[in-house]
Amino acid sequence: MIRNLIFDIDGTLLDSVDLHAAAWAEAFRHFGIDVREDAVRGQIGKGGDQLMPVFVPPERLAREGEAIERFRSDLFKRQYLPRVKPFQGVRALFARLKQEGHVLALASSGKADEVERYQEIAGISDLVDVATNSDEAERSKPHPDIFEAALARLGHPHRGQAIVIGDSPYDAEAAVKAGLPAIGVLCGGFPEADLSAAGCTAIYRDPQDLLDGYASSILRRGLP
């Protein structure tokens with residue numbers, strides 16, 4: 001059994017990717033930057049430090065990046081966060097994993113208060129052992145910082161005793177850089193081929209599918 005399980009949140013546990021993309025696109029428009037929402041969506045999974053340079057020229061990013069990020073964060077909390085819902089099976093999956101003896105960690109590019117609120121929305125606050133946030137990572141995914149922070153909080157488990165579960169190629173890339181295997185879920189909207197190419201060793205539809213397949217999964221059986 002792989003004891004330590006490190007979960008991404010947005011697009012993995014919560015149906016929030018489209019909402020984050022809409023908030024970013026609206027924030028960019030507010031600052032006069034015309035970016036298609038579908039283009040932003042393909043970058044969700046990164047933190048703002050990695051997402052904004054895709055769309056904002058370097059000189060303007062240096063001048064206005066913090067203001068854009070503050071506007072987007074406030075906008076998301078006001079208009080979009082109330083619409084975030086958990087995917088089917090999240091609470092039941094975490095309850096089963098705890099019953100089986102797993103240690104459950106969250107690794108998100110969100111701020112501490114956002115991560116706390118996400119746990120409440122998902123209904124898993126009482127089941128999470130460790131939760132990291134953007135304050136603990138110098139760089140967001142696809143850099144490995146947030147997963148390395150989670151590993152430190154978990155006591156640096158031995159190789160083969162920790163794994164990442166995420167919805168984006170950026171999760172898988174960051175996991176590989178941190179020396180961790182990764183499981184992908186499709187509910188965040190990224191193509192299965194992209195998750196496989198980024199390094200996912202197994203792919204499930206969503207948390208419910210992972211719960212249904214738990215007994216035969218590498219979470220239960222261990223890495224080959």
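- For residues 62-85, every residue pair satisfying the ring-ring contact (aromatic ring centres under 6.0 Å, His included) rule, not counting sequence neighbours, is listed here: His20-Phe76, His30-Phe71, Phe31-Phe71.
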Test side-chain contact (heavy atoms from CB on, under 4.5 Å) on Gln43 and Phe55; report intermediate values, then the result.
CA-CA 10 Å; Gln43 300 297 318; Phe55 304 106; 3.8 Å; yes

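- Side-chain polar atoms of Asp10 and Ser16 form a donor-acceptor pair below 3.5 angstrom.
- Looking at Arg220 and Glu100, a side-chain N of the basic residue comes within less than 4.0 Å of a carboxylate O on the acidic one, giving a salt bridge.
- Under the 3.5 Å distance criterion, the side-chain polar atoms of Arg3 are left unmatched by any main-chain donor or acceptor of Gln161.
- The number of heavy atoms from other shown groups lying within 6.0 Å of CZ (Arg221) does not exceed 12.
- Dense packing is recorded around CZ of Arg60, with more than 12 heavy atoms of other residues, nucleotides or ligands lying under 6.0 Å away.
- Of all non-hydrogen atoms in Pro142 and Glu173, the two that sit nearest each other are CB-OE1, 3.3 Å.
- Listed for the Asn133 side chain is no donor-acceptor partner under 3.5 Å among the backbone atoms of Gly110.
- Between the Asp129 side chain and the Leu104 main chain, a donor and an acceptor come within less than 3.5 Å of each other.
- The two residues Leu61 and Val56 make their nearest non-hydrogen contact at N-CG1, 3.6 Å.
- Judged by distance alone, the side chain of Asp194 and the main-chain N or O of Phe190 form no donor-acceptor pair under 3.5 Å.
- Here the closest heavy-atom approach between residue Asn4 and residue Pro157 is recorded as ND2-CB, 3.4 Å.
- Note that CE of Met1 is 13.5 Å distant from CD1 of Ile218, once rounded to the nearest 0.5 Å.
- Between Asp145 and Lys177, no side-chain nitrogen of the basic residue sits less than 4.0 Å from a carboxylate oxygen of the acidic one, so the salt-bridge criterion is not met.
- A salt bridge is absent between Asp135 and Lys111: the closest approach of a Lys/Arg side-chain nitrogen to an acidic carboxylate oxygen does not fall below 4.0 angstrom.
- For Asp126, the CG atom sits in a packed shell: over 12 heavy atoms of surrounding residues, nucleotides or ligands are nearer than 6.0 Å.
- Checking Leu97, Leu93, Val103 one by one against Leu5, the side chain to side chain contact (heavy atoms under 4.5 Å, CB included) holds for a single residue, Leu97.
- The cluster map of Ile, Leu, Val, Met, Phe, Trp and Tyr, joined by side-chain heavy atoms under 4.5 Å apart, puts Leu211 and Leu186 in different clusters.
- The distance from the CD1 atom of Ile146 to the OG1 atom of Thr132 is 3.5 Å, given to the nearest 0.5 Å.
- Cluster annotation: Tyr170 is not connected to Ile6 through the hydrophobic network of ILVMFWY side chains, with a link wherever side-chain heavy atoms come within less than 4.5 Å.
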For Phe28 and Met52, what are the C-alpha separation, side-chain angles and deciding distance, and is it a side-chain contact (heavy atoms from CB on, under 4.5 Å)?
CA-CA 9 Å; Phe28 285 138; Met52 283 193 290; 4.2 Å; yes

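- Heavy-atom neighbours of Gln79 CD from other residues, nucleotides or ligands within 6.0 Å: above the threshold of 12.
- Residue pairs satisfying the ring-ring contact (aromatic ring centres under 6.0 Å, His included) criterion with at least one member in residues 119-163, sequence neighbours excluded, are absent.
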Residue pair Leu127, Arg91: steps toward the side-chain contact (heavy atoms from CB on, under 4.5 Å) verdict
CA-CA 9 Å; Leu127 299 173; Arg91 170 77 190 185; 3.6 Å; yes

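- Glu120 CD: more than 12 foreign heavy atoms inside a 6.0 Å radius.
- Both Ile165 and Val90 belong to a single network of hydrophobic side chains, linked directly or stepwise wherever heavy atoms of I, L, V, M, F, W or Y lie under 4.5 Å apart.
- For the atom pair CG (Leu14) and SG (Cys187), the distance works out to 10.0 Å, reported to the nearest 0.5 Å.
- Checking side-chain atoms of Ser196 against main-chain N and O of Glu192 turns up a donor-acceptor pair under 3.5 Å.
- The list of ring-ring contact (aromatic ring centres under 6.0 Å, His included) pairs with a residue in residues 204-224, not counting sequence neighbours, reads His102-Tyr214.
- The heavy-atom pair separating Ser168 from Gly45 by the smallest distance is OG-CA, 4.2 Å.
- In terms of hydrophobic clustering, with Ile, Leu, Val, Met, Phe, Trp and Tyr side chains grouped at heavy-atom distances under 4.5 Å, Ile2 and Leu106 are assigned to a common cluster.
- Between Arg139 and Glu148 there is no salt bridge, since no side-chain nitrogen of the basic residue lies less than 4.0 Å from a carboxylate oxygen of the acidic one.
- Note on Val128: it does not cluster hydrophobically with Leu151, by side-chain heavy-atom contacts below 4.5 Å among ILVMFWY residues.
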Residues Arg41, Asp18; criterion salt bridge (charged side-chain N to carboxylate O under 4.0 Å, His left out); working and verdict
CA-CA 7 Å; Arg41 196 192 194 288; Asp18 288 337; 2.5 Å; yes

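- Ala198 and Pro169 make their closest contact through CB-O, 3.6 Å (heavy atoms, listed as atom of the first residue, atom of the second, distance).
- In this structure, CD1 in Ile121 is found 10.0 Å from CD in Glu114, a value given to the nearest 0.5 Å.
- Between Ile183 and Leu219 there is a side-chain heavy-atom pair separated by less than 4.5 Å.
- Heavy-atom neighbours of Gln88 CD from other residues, nucleotides or ligands within 6.0 Å: at or below the threshold of 12.
- Arg83 contributes atom CZ, which lies 5.0 Å from atom CG of Leu19 (distance to the nearest 0.5 angstrom).
- Side-chain atoms of Asp167 and Val17, non-hydrogen and from C-beta on, do get closer than 4.5 Å to each other.
- Of all the heavy atoms in Leu13 and Ile124, the pair that sits closest is CD1-CD1, 4.0 Å.
- Of the charged side-chain nitrogens involved, none lies within less than 4.0 Å of a carboxylate oxygen, so that Arg72 and Glu26 do not count as a salt-bridged pair.
- Using modelled atom types, no side-chain atom of Asp209 and backbone atom of Asp206 make a donor-acceptor pair closer than 3.5 Å.
- The CZ atom of Phe7 lies 9.5 Å from the CD1 atom of Ile163; values are rounded to the nearest 0.5 Å.
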